[in-house]
Amino acid sequence: MFIIAVVLSISSAYADDFTQCSQSFYGGVYPEFSNTKLSNNTQALCMDGFAVMYSGVSRTPLWSAEYLTRKRLQQAKQIDREDSFHEESQLPQSMRAQLSDYSGSGYDRGHLAPNGDMANRSQQYDSFSLANIAPQSPRNNRYIWRNIESATRYLTQQYGEVYTVTGVAFTDKKAKQLAGRVLVPSHFFKAVYIPVSNQAGVYYAPNDESERIEIISIDELTAKIGIDVLPVLDAKTKAQALDLPLKAGEAMDIPEKKVEEPTWILFVVAIFEWVMTQLQT
DNA sequence: CGGATCTCCTGT
DNA sequence: ACAGGAGATCCG
């Protein structure tokens, strides 16, 4: 009996149990560490609307994964932002980041899975868990990241569904710390996979005030950070970086299968709007 | 072009 | 729970 309890507690200590939220991953397969050092003291968390791989070493998420659809984003637009930053009660105290770690640090509490993607209050609350948040340079968070989050929602709108994995990297020899407890990532990334065109690309940005950003392939991301965020993709898709837009509304180089409303719907909407303007005068 | 609103936050 | 900052964006 004792042995069984020990085995259970050990297996849950580095649980990669995402069975309750496998729908957040393309093909149901979650990101894979190629740099095994990263897997030290990690904890898998199934949140409402997304999945998180959390590190008790950095006291940040390493990545958060979401499955986005038109319907989800349409619902997300209906709820206003309600801030509720909080510690993650699913984590043991020793692994948790605390609100006090961030206060007065000069860093923003940057969401990985963004509030803007959350379709109801429960999902929204979970997105404000510190298990989904990492110290982010203010200009990066408020200008660069805001744009790529809205560009990702725009792509979802265009192509109907998108899988995305947002995460952080620690490429510097010595990472900065908040309160001697929370490590400050050197980079943020967001990988986007579009199933209907079988194309993937990654936004990759240093976590500083430079506002620099680059677009790379899944393979290049794996080489930089030691995580293959989309293990199921074929080799060609991983090697070729999709030329992702830097802001919502920007055109992208996908030749076929552009998803648009049939023209008759646009026609009906135009007539409806014209009638409404006539009624208002 | 000016003003209102939105969306990331901050601090008390 | 409240007030404010700052840039983007929308609208007349």
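Chain A is the first sequence line, chain B the second, and so forth, proteins listed ahead of strands; every chain is numbered from 1.
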Pairs under 3.5 angstrom, nitrogen or oxygen only, protein versus nucleotides 10-12 of chain C, please.
none

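- Taking the nucleotide of DNA chain B with the nearest heavy atom to each of A/Asp80 and A/Tyr102, the more 5' of the two is matched to A/Asp80.
- In this structure, A/Ile148 atom CD1 and B/dC8 atom P are separated by 12 Å, rounded to whole Å.
- Across every non-hydrogen atom of A/Ser217 and A/Ala239, the tightest pair is CB-O, 3.5 Å.
- Between the P atom of B/dC9 and the CG atom of A/Leu112 lies a distance of 11 Å, rounded to the nearest Å.
- Atom CD of A/Gln20 has 12 or fewer neighbouring heavy atoms from other residues, nucleotides or ligands inside a 6.0 Å radius.
- Side-chain contact between A/Asp126 and A/Phe50: present, with at least one pair of heavy atoms (C-beta onward) separated by less than 4.5 Å.
- Expressed to the nearest 0.5 Å, how far CD of A/Glu87 lies from CG of A/Asp101 amounts to 8.5 Å.
- Residue A/His111 places at least one side-chain N or O under 4.0 Å from the OP1 or OP2 atom of B/dC9.
- If you check every strand for non-hydrogen atoms under 4.0 Å, A/Tyr107 touches sugar and phosphate atoms only.
- Between A/Arg146 atom CZ and C/dA6 atom C1' the separation is 10 Å, expressed in whole Å.
- Side-chain proximity of A/Asp83 to the nucleotides C/dG7, B/dT10, B/dC8 is greatest for B/dT10.
- Going from atom CZ of A/Arg153 over to atom C1' of B/dC8 covers 10 Å, rounded to whole Å.
- For A/Trp63 and A/Phe18, the ring centers sit closer than 6.0 Å to each other.
- Proximity of A/Met118 to A/Gln75: side-chain heavy atoms (C-beta onward) are nowhere separated by under 4.5 Å.
- In this structure, A/Asp228 contributes its side chain and A/Leu230 its backbone to a donor-acceptor pair below 3.5 Å.
- Contacts with DNA chain B (heavy atom under 4.0 Å) in residues 118-143 of chain A: A/Asn141, A/Arg142, listed by number.
- Close to B/dT10, at under 4.0 Å from its OP1 or OP2, lies a side-chain N or O of A/Arg109.
- Relative ring orientation between A/His187 and A/Tyr204 is described as parallel, the plane-to-plane angle staying below 30° on a 0-90° scale split at 30° and 60°.
- Summarising the geometry, the separation between CD on A/Glu149 and C1' on C/dA8 is reported as 14 Å, rounded to the nearest angstrom.
- A/Lys247 comes within 4.0 angstrom of the backbone, heavy atoms only, and of no base.
- A/Asp108 places its CG atom 6 Å from the P atom of B/dC9, with the value rounded to the nearest Å.
- Proximity of A/Asn115 to the phosphate of B/dT7: no side-chain N or O atom is located under 4.0 Å from OP1 or OP2.
- Taking the six-membered ring for Trp and thresholds of 30 and 60 degrees, A/Phe85 and A/His111 have ring planes inclined between 30 and 60 degrees apart.
- When the C1' atom of B/dG11 is taken as reference, atom CG of A/Leu99 falls 13 Å away, rounded to whole Å.
- Rounding to whole angstrom units, CZ of residue A/Phe85 and C1' of B/dC9 are separated by 7 Å.
- With hydrogens and angles ignored, the 3.5 Å screen pairs a side-chain donor or acceptor of A/Gln124 with a backbone N or O of A/Asp80.
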